[in-house]
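Residue numbers run from 1 in the order of the sequence given.
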Amino acid sequence: MDKTIKEMICIVCPNGCRMTASKEAPDKIEVTGNRCVRGKEFAVKEMTDPCRSLSTTVRTDSKEFPVLPVRLSAEIPKDRIFEMMEEINRIKVTGSVKPGTVLARNLLGLGADLIASAGTRAEAPAETCK
C-alpha cells in the first residue's frame, strides 16, 4: 500500500488545529499538529471512514412555506451524500409539521432519520420586552 498523506483542519474543538495525517496501512496512521486527543481521533476517522452531517430543505405543499428546513439525525458516509440528496429530493411534505417531526426513517439503510428543523405553520411572533 502506498503512503497517503492528507492535510486537514480539525473541526472538533475551537482550536482549529492544522494537522497532517499519514496512512501507511489500514492500522498505521500517524497524526501531527493536533493539540488534543480529539483531534487525533478526528484525523484517523477522516482517513478511514469520513462522515458528514447533512442539513438541507424539502419541498412542501404549502404556499406560505414552499420549502422546509430538515436535517439528518446522524452523520452519514461522505461518499453517500449525493445519493442521500437524491433520496431527500424525492420527498414532499404535505400538511403541517412541527419542528422535530421525523419525516422519513432510516434513509438508504444508513440509520439516519430525516427530521424537520422548523414547522410549516406560522407561529405567533414573540412579544418584545419593553
Can you tell if the side chain of Val93 reaches within under 4.5 Å of the side chain of Asp61, non-hydrogen atoms only? no
Atom pair OG1 (Thr48) and CG (Asp27), whose distance is rounded to the nearest 0.5 Å: 11.5 Å
Any side-chain heavy atom of Leu103 within less than 4.5 Å of one from Leu68? yes
SG of Cys51 to CD of Glu46: how many Å apart, nearest 0.5 Å? 8.5 Å
Ile81 with Ile91, same ILVMFWY side-chain cluster at under 4.5 Å: yes
Correct closest heavy-atom pair for Ser73 and Gly111 would be OG-O, 4.2 Å
Residues Ser117 and Pro99: closest non-hydrogen pair is O-CB, 4.1 Å
Contact summary for Asp113 and Asn106, nearest pair of heavy atoms: OD1-N, 2.8 Å
Shared ILVMFWY cluster between Ile115 and Met84, side chains joined below 4.5 angstrom? no
Cluster question for you: counting only ILVMFWY and a side-chain heavy-atom cut-off of under 4.5 Å, with indirect links fine, are Val97 and Leu72 together? yes
Decide yes or no on salt bridge (charged side-chain N to carboxylate O under 4.0 Å, His left out) for Glu30 and Lys40, but give the supporting numbers first. CA-CA 9 Å; Glu30 292 182 29; Lys40 182 176 182 178; over 6 Å; no
Looking only at heavy atoms, what is the nearest atom pair of Ala74 and Ala112, with distance? O-CB, 4.0 Å
Taking atom CD1 as the centre, does Ile11 end up with more than 12 heavy-atom neighbours from other residues, nucleotides or ligands that are less than 6.0 angstrom away? no
For the residue pair Glu75 and Arg52, establish whether any side-chain heavy-atom pair is separated by less than 4.5 Å. no
Can any side-chain N or O of Asn34 pair as donor or acceptor with the backbone N or O of Arg38 at less than 3.5 Å? no
Could you report the tightest heavy-atom contact between Leu108 and Glu87, atom names first, then the distance? CD2-OE1, 4.1 Å
Just so I know, are the side chains of Val70 and Thr57 near enough to count as touching, which here means a heavy-atom distance under 4.5 Å? no
Given side chains that start at C-beta, do those of Asp49 and Lys78 come closer than 4.5 Å, heavy atoms only? no
CD-OG distance between Glu7 and Ser22, expressed to the nearest 0.5 angstrom: 9.5 Å
Shortest non-hydrogen contact from Ile9 to Gly16? CG2-O, 3.6 Å
Does the side-chain contact (heavy atoms from CB on, under 4.5 Å) test come out yes or no for Thr20 and Lys6, once each step is laid out? CA-CA 6 Å; Thr20 302; Lys6 186 173 181 180; over 6 Å; no
Is there a side-chain contact between Thr32 and Met19, using heavy atoms and a 4.5 Å cut-off? no
Go through Glu41 and Val31 one step at a time and tell me if the side-chain contact (heavy atoms from CB on, under 4.5 Å) criterion holds. CA-CA 9 Å; Glu41 292 168 354; Val31 179; over 6 Å; no
Can you tell if the side chain of Arg59 reaches within under 4.5 Å of the side chain of Pro66, non-hydrogen atoms only? no
Would you kindly confirm whether Ile76 and Val12 end up in one hydrophobic cluster when ILVMFWY residues are joined by side chain heavy atoms under 4.5 Å apart? no
Is Val58 reachable from Val102 through a run of hydrophobic residues whose side-chain heavy atoms are each under 4.5 Å from the next? no
Donor-acceptor check, side chain of Thr101 to backbone of Ala116, threshold 3.5 angstrom: yes or no? no
With rounding to the nearest 0.5 Å, note down the distance linking CZ in Arg35 to SG in Cys13. 7.5 Å
Any heavy-atom pair between the side chains of Leu114 and Ile88 that's under 4.5 Å? yes
